[in-house]
J.: 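Quick one: this structure, given as structure tokens, is what I'll be asking you about.
All ligand and atom numbering here is 1-based and tracks the order in the structure. Since the structure is predicted, the reported quantities are computational estimates derived from the model, not experimental observations.
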Amino acid sequence: MPAPSVPSDIVFALPDVHPAWLPDAAFRPVGSRRLALGTPADGGTPAAFEVLATLRSELDRATAAHGGAVVGPQDAADLLLHLSPAVPTGFRLERSGGRVTVSAADPTALLHGWFHVVRLADAAFASRPGDPDVDEHHAPASALRMLDHWDNVDVHPVMGQVERGYAGGSIFYDAGQVRPDLSRVTAYARLLAAVGVDRIAVNNVNVAAREARLLTDDLDEVARLAAALRPYGVRAHLSVSFAAPMTLGGLATSDPCDEDVRAWWRAAADRVWAEIPDFGGFVVKADSEGQPGPFAYGRDHADGANMLAEAVAPHGGLIHWRAFVYNHTQDWRDRSTDRARAAHDHFAPLDGRFADNVIVQVKHGPLDFQVREPVSPVLAAMPRTRVALELQVTQEYTGQQRHAVYLGPAWSEILRWRPWGDGGATVADVAAPAGGFAAVSNVGDDRFWTGHPLAQANLYAFGRLAWDPTLDTAAVLDEWITLTFPDAPGPLREAVHAILDESWHTYELHTAPLGVGFMVRPGHHYGPDVDGYEYTPWGTYHFADRDGIGVDRTRATGTGFTGQYPAPWRDVYEDRETCPDELLLFFHHVPYTHVLHSGTTVVQHVYDTHFEGVERVRAMVERWEAVAALVPDDIAQRVRERLAEQLRSAVEWRDQVNTYFLRKSGIGDLRGRTIH
Ligand code: GCW
């Protein structure tokens, strides 16, 4: 097999696009040294050779920019990257006498090893005398580390080009088609490879007519996207509509047990893999928020998922089947229906029935990506199913990238949570070997990728935590700062930490209290509207009256949701005396005068946290102003504008929530602060 040729279409620096965590300067430590890439053995796939060619151009680019050289594998390089079948997964990093060798069995893992060395910078080479030699194996916790894009090809009249997107339009689509120039998609794949994400779903799980056709007539457009991702080892997945056999195939039914329907899906899958041999698989949102699904035919979700699984299995494909299934046309008067119960009610009884290549993708909480929810009990209820944890990097309910909210700590809490109590497995232990980790991307065609420049840290952190869920999230943030702001002076580093380390808690302080959730404006979900969802069909209520607030989800007197958890949590949550304060109103309806573990009453807690939340945001604004001159003007200005909006919004939240509680309860603030 010939040596890999350098792809000519990799654009390392895009005009007017921020380099995120891969600025040129981040490559100085590697690029100023002697680098070598081992010659590949025969037998690789074309995709594998393409990734190797990318790696070669990474080396060329870094050394050309920083004065090093690419040398032959025999030439005593400072860094040798080479393929070795002996490394089972991930990559091996050895250092001896200041020389570093990275080896991996496949080129994508080798690429991940390259970016690991970039991240370590000079420390990789242990330039200081006396530093020990190393021999480390770096394997990802899970083989499945995926981002879901809720991008539409056609601009949706309400949801726009990217559903819940807060960073401009789609990097994939424009004006109803795949963009002619996909160099930015390759640049995105490069950012993802640098944090270890290696799969993306390229279209919204709400699949409209135009997007449905990506599976058939417009498959060539998906092939172009896959080609743009391939140089960095990122594989494309596609969201498909369960009704496709009817809407695209002209069949009279989409019944998963109908033989013609099954044959239609098999033929569709055959065509996809014929065109895109390294295609990943399908993502499906079925029987959820108006999307079609197997319920229409009296079938269950195992019937639906397994039919698709059968179609993609011969190609090694996966079906990511979402567990976000609930009744969104509920009657608010009906107190017996509890949306939090829905995923477990639908899916737990199906455990053991899903095919091996089906992944049941479970949102982290039982409701919907709120700033605080208990972990979904579904994750602990399906031991014979490949469950994946779904997170939301896009900040739908956490400030929509107008607020600086670093979600790493929130995800870390979820990943480390132990559904069976102390000594039992964590959520990460459950998901990692099964369905892995998926998250909704926060990227758009904005100059900074994520609208708010500091929201890049969330995308970075998702990738790093999906690779290693045990990482310390402050250290991950520090990595991001080091790469993104090369040579960041101490005060800048400290200020970014001061702004982001506690920002998730800050957001929680001034929004819906004690785990009750929502209280957002219906539709777009930004800003406060305490009763906005109270009399709607969506099932997200807080039940405030003159005496108290919260949702009784106990077995004793409520919806019984606590019973979906294994011990000890089923009992911890059942009893308001043991239920953690931050989730009290998720599980219990309590009087405003109920005393929390913290020693204050519920209503006083609401006042205190909402005043404190605003003060914390005020401090964030000041911290930024003190260091803004240390970053490029465009970043300084963008962050400044967003922080001003964050402060305005936090004040609005504080005043509406506090006023609501004062009017409902008639109980004043003990400290006599202004409530309207
Ligand atoms: O949180 C909700 C969003 C919807 C989204 C849905 C889902 C793609 O408001 O916009 O639809 O979740 O996860 O399917």
J.: If the contact criterion is a heavy-atom separation under 4.0 Å, does H525 count as touching ligand 1?
T.: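 The answer is yes: ligand 1 sits under 4.0 Å from a heavy atom of H525.
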J.: How long is the gap from CE on M519 to NE2 on H525, to the nearest 0.5 Å?
T.: 14.5 Å
J.: I need the atoms of ligand 1 closer than 4.0 Å to a non-hydrogen atom of E163, numbered in the order shown.
T.: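 Every atom of ligand 1 under 4.0 Å from some heavy atom of E163: 4 (C), 5 (C), 8 (C), 10 (O), 11 (O).
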J.: For H301 and W321, does a side-chain donor sit closer than 3.5 Å to a side-chain acceptor?
T.: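 Distance-only check passes for H301 and W321.
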J.: What's the shortest distance from atom 1 (O) of ligand 1 to any protein heavy atom, and which residue and atom give it?
T.: D368 OD2, 2.6 Å
J.: Tell me whether D148 is salt-bridged to R199, with the criterion being a basic N under 4.0 Å from an acidic carboxylate O.
T.: no
J.: Identify, by atom number and element, the atoms of ligand 1 in contact range of K363, meaning under 4.0 Å from any of its heavy atoms.
T.: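 So the atoms of ligand 1 that pass are 1 (O), 2 (C), 6 (C), 7 (C), 12 (O), 13 (O).
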J.: Counting from 1, what ligand 1 atoms have a heavy atom of F324 closer than 4.0 Å?
T.: 6 (C), 7 (C), 12 (O), 13 (O), 14 (O)
J.: Other residues, nucleotides and ligands only: do more than 12 of their heavy atoms fall within 6.0 Å of CG on D356?
T.: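 Open.
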J.: Distance under 4.0 Å to a non-hydrogen atom of V205: what atoms of ligand 1 satisfy this?
T.: 8 (C), 14 (O)
J.: Salt bridge check, D368 against K363: does any charged N sit closer than 4.0 Å to a carboxylate O?
T.: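 Counted as a salt bridge, because a side-chain N and a carboxylate O are separated by less than 4.0 Å.
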J.: Do me a favour and list the nearest non-hydrogen protein atom to atom 14 (O) of ligand 1 with residue, atom name and distance?
T.: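 So the nearest neighbour among protein heavy atoms is K285 NZ, 2.7 Å.
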J.: Where is the nearest protein heavy atom to atom 3 (C) of ligand 1: which residue, which atom, and how far?
T.: E396 OE2, 3.3 Å
J.: With heavy-atom distances below 4.5 Å as the criterion, would you say the side chains of R145 and W467 are in contact?
T.: yes
J.: What protein heavy atom lies closest to atom 8 (C) of ligand 1? Include the residue and the distance to one decimal.
T.: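 Its nearest protein heavy-atom neighbour is N206 ND2, 3.3 Å.
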J.: What are the atoms of ligand 1, with element, lying closer than 4.0 Å to any heavy atom of N204?
T.: 8 (C)
J.: If I apply the N/O under 3.5 Å rule, does W150 come out as touching ligand 1?
T.: no
J.: Under a 4.0 Å heavy-atom limit, does Q392 contact ligand 1 with its side chain, its backbone, both, or neither?
T.: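 No part of Q392 comes within reach of ligand 1.
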J.: With a 4.0 Å cut-off, would you call D552 and R335 a salt bridge?
T.: no
J.: Got the closest protein heavy atom to atom 6 (C) of ligand 1, with its distance?
T.: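 Of the protein heavy atoms, E289 OE1, 3.3 Å lies nearest.
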J.: With R553 as the cation and F586 as the aromatic partner, state whether NZ or CZ is under 6.0 Å from the six-membered ring centre and within 45° of the axis.
T.: yes
J.: If you count the non-hydrogen atoms of other residues, nucleotides and ligands that lie under 6.0 Å from CZ in R648, is the total more than 12?
T.: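 More than 12 heavy atoms, drawn from other residues, nucleotides or ligands, come within 6.0 Å of this atom.
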